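The structure appears below as structure tokens.
To find a chain, count down the sequence lines: A is the first, B the second, and so on, and within it residues start at 1. Predicted model, so just to flag it, every value in this text is computed and none were measured.
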Protein chains: 2
Amino acid sequence: MTMHDASIISQDCSDCPIRHRAVCAKCESDELTQLEEVKYYRSFQAGQTIVFQGDRMDFVASVVSGIATLTQTMEDGRTQMVGLLLPSDFVGRPGRNEAAYDVVATTDIVMCCFRKRPFEQLMAKTPHVGQRLLEMTLDELDAAREWMLLLGRKTAREKIASLLTIIARRDASLNLSGDANSLTFNLPLTRDAMADYLGLTLETVSRQVSALKKDGVIELKDKRTIHVPDMQILLSEAGDDADGGIF
Amino acid sequence: MTMHDASIISQDCSDCPIRHRAVCAKCESDELTQLEEVKYYRSFQAGQTIVFQGDRMDFVASVVSGIATLTQTMEDGRTQMVGLLLPSDFVGRPGRNEAAYDVVATTDIVMCCFRKRPFEQLMAKTPHVGQRLLEMTLDELDAAREWMLLLGRKTAREKIASLLTIIARRDASLNLSGDANSLTFNLPLTRDAMADYLGLTLETVSRQVSALKKDGVIELKDKRTIHVPDMQILLSEAGDDADGGIF
DNA sequence: ACTTTCTGTTGATCTGTGTCAAAGCGCGCG
DNA sequence: CGCGCGCTTTGACACAGATCAACAGAAAGT
């Protein structure tokens, strides 16, 4: 069986601004037509909570534009971000009813949703959709476990460098700019959100960003626009071993 | 389509000491017979590395007896345990060739293995096996994300309490002893392994275990045998909100 | 233009956990 | 038996990052 690598529904999901990378694309069977019928769009404002932890979640979705975060919360209010949803990312847990964490829009965001039940029925009938979803879930699991290494063992400076590396890589792979070694990108998170993702406080984040700037590893055009003169230096600051992706 | 909840191969996998909870059980189709043919057992000694990060891994397996750990390593040698394999747990990444982390036997361990290629072929043919595997992967993802909260935001004492809670819960659900509120179990990890799992040093682990003992939250029969007089107290020490499982 | 609010920076101080070091078990092995 | 080795405990001290606090700039509302 060949695995396709493109969008969830069709090669030309004409009314989606992006081609969802979520599930399998190149199939034009009846089931996909079925699924088209239960597709709908939702948009949310920056700061809005899309789903609360424990809520019944009756859809799965992929991000069309904007950014959202997955956050877990303790009784006393401490929070830890456990995932970041960027355009083309998939969210939703087929087979599960309750959301395991809060999903919060960081910027204004548009999502392409599918009602869960029909989606699950499609999965049961067409194995390759399930396969693709399993692959995606394994990717998320890998990412989560790398993040565990970061949270448990990296210093504040390494954490910041790692986060910047990831954002930079995502940005570069979407915009595929020519120059691979020096690049400028937009950091779509507040210092507070970064702290939340990295298991730090916002003050520590601010200090370490300043330190990286002072040491010439990064430059700040404005507070949210980062220029990296030499990606290799940032990578070594991150403390990762041989990085798979680009760079 | 009904989802089964028992073992990977059959209800009576006669030569496996346990019933694997790994995949789907109650099916008696030809495919399962096929799979029986590629099943084999491997045992490893305590301390032995079963797979190295980056190695080609040509099998999937479930743990029959014993314990293993999943560990990620940085260039400079810092390590973070990202998962714990207890009896009936599944390990392996269908569709992936390389292991993403080291798998190390903590105790002597026996695993029931299946050659990966035939296993994948089975998955492609029988959707419910893939479904089950997706479910299991989602469970692992949930566990990983809860662990991220622990690593990023919990204090050393809370970390210890959380770990004990998890081991206790696993133990209780396997042995289903009558008394739910007070129980004794075996902690199959060295202080060093605990530290590795919790993102701490072994000295801190030792100190916090002593502190919990002094405060009467736990009692130590010997260094590896823990008695919890009142599970509720341990739970509140762990800082978790409303716990799903037993307890 | 003025205030308010939100975001980010920087400083001073405190504290939890890491680091380094020593010593106490318990157990297998010669 | 006693020796050595792996695991654990405990102590003294250092330091990274948290906490508390003040302030600066930018955007938004009045």
Side-chain angles (χ1 to χ4, degrees), chain A residues 45-48 74 76-80 104 106-108 150-164 186-215 218-226 237 239, chain B residues 45-48 74 76-80 104-108 150-163 186-215 218-226 237 239:
Chain A
Q45 292 173 7
Q48 198 176 348
M74 288 173 67
D76 62 6
R78 277 176 285 177
T79 64
Q80 173 66 52
V104 182
T106 292
T107 64
D108 289 351
L150 176 146
L151 290 171
R153 296 300 184 196
K154 289 191 180 177
T155 65
R157 175 185 261 247
E158 289 170 330
K159 286 179 176 182
I160 302 283
S162 299
L163 177 60
L164 294 181
N186 188 262
L187 180 64
L189 299 172
T190 65
R191 298 292 125 108
D192 191 45
M194 292 171 68
D196 208 4
Y197 204 10
L198 299 171
L200 298 170
T201 59
L202 79 175
E203 293 95 329
T204 300
V205 170
S206 183
R207 275 185 249 274
Q208 296 297 336
V209 169
S210 298
L212 285 174
K213 189 176 66 176
K214 188 160 65 74
D215 297 349
I218 59 174
E219 290 156 25
L220 300 187
K221 312 244 100 173
D222 67 67
K223 310 238 171 261
R224 301 285 186 86
T225 311
I226 311 254
E237 289 282 352
Chain B
Q45 292 173 6
Q48 198 176 348
M74 287 173 67
D76 62 5
R78 279 176 283 177
T79 65
Q80 173 66 52
V104 182
T106 293
T107 64
D108 289 351
L150 175 145
L151 290 171
R153 296 300 184 195
K154 288 191 180 177
T155 65
R157 176 185 260 247
E158 288 170 332
K159 286 179 176 181
I160 302 284
S162 299
L163 177 61
N186 188 262
L187 179 63
L189 299 172
T190 65
R191 298 291 125 105
D192 191 45
M194 292 172 69
D196 209 4
Y197 205 7
L198 299 170
L200 298 170
T201 59
L202 80 175
E203 294 95 330
T204 301
V205 170
S206 183
R207 274 186 250 274
Q208 295 299 335
V209 169
S210 298
L212 285 173
K213 188 175 67 176
K214 188 159 65 74
D215 297 350
I218 59 174
E219 291 157 26
L220 300 187
K221 312 244 99 174
D222 66 68
K223 309 233 170 268
R224 302 285 185 84
T225 310
I226 310 254
E237 290 281 352

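For A:Arg157, no side-chain nitrogen or oxygen approaches OP1 or OP2 of D:dA16 to under 4.0 Å. Using a 4.0 Å cut-off, some side-chain N or O of B:Thr204 falls inside it from OP1 or OP2 of C:dG18. One finds no side-chain N or O of B:Lys159 lying less than 4.0 angstrom from the OP1 or OP2 phosphate oxygen of C:dT17. A:Thr201 has a side-chain polar atom (N or O) that falls below the 4.0 Å cut-off from OP1 or OP2 of D:dA18.
The CG-P distance, from A:Asp222 to D:dA24, rounds to 21 Å in whole Å. Here D:dG17 presents its C1' atom at 16 Å from CE of A:Met194, a figure rounded to the nearest Å. Rounded to whole Å, atom P of C:dG18 lies 10 Å from atom CG of B:Leu198. Atoms CG (B:Asp196) and P (D:dC7) sit 13 Å apart, rounded to a whole Å. The interatomic distance linking A:Arg191 (CZ) with C:dC6 (C1') rounds to 14 Å, in whole Å. Atom pair B:Gln208:CD and D:dT9:P shows a separation of 12 Å (rounding to whole Å applied). Residue A:Leu202 contributes atom CG, which lies 12 Å from atom C1' of C:dT10 at whole-angstrom precision. A:Lys223 has its NZ atom 14 Å from the C1' atom of D:dA27, to the nearest Å.
The shortest side-chain heavy-atom distance between A:Ile226 and A:Leu220 falls under the 4.5 Å cut-off. Within the 4.5 Å cutoff, side-chain heavy atoms of B:Arg153 are placed close to those of A:Asp196. B:Leu163 has its side chain out of reach of B:Leu150: every pair of non-hydrogen atoms, C-beta onward, lies at least 4.5 Å apart.
Of the possible donor and acceptor atoms, none in the side chain of B:Glu158 sits under 3.5 Å from a partner among the backbone N and O of B:Glu237.
Residue A:Leu200 is in sugar-phosphate contact alone, with no base atom involved, counting any heavy-atom pair closer than 4.0 Å across all strands shown. Among the protein residues, B:Ser206 comes within range of the nucleic acid bases, having at least one heavy atom under 4.0 Å from a base atom. Backbone-only contact: A:Gly199 has heavy atoms under 4.0 Å from sugar-phosphate atoms and none from a base.
A donor N or O paired with an acceptor N or O is found under 3.5 Å between the base of C:dG11 and the side-chain atoms of A:Arg207.
Residue A:Glu203 has its side chain nearest to D:dA21 when only C:dT17, C:dA21, D:dA21 are considered. In the set C:dT17, D:dT8, D:dT10, the nucleotide with an atom closest to the side chain of B:Thr190 is D:dT8.
Looking at which nucleotide of DNA chain C each of A:Asp192 and A:Arg153 is closest to, the 5′-most match is held by A:Asp192.
In terms of heavy-atom proximity, A:Leu151 sits nearest to A:Lys159 at O-NZ, 3.8 Å.
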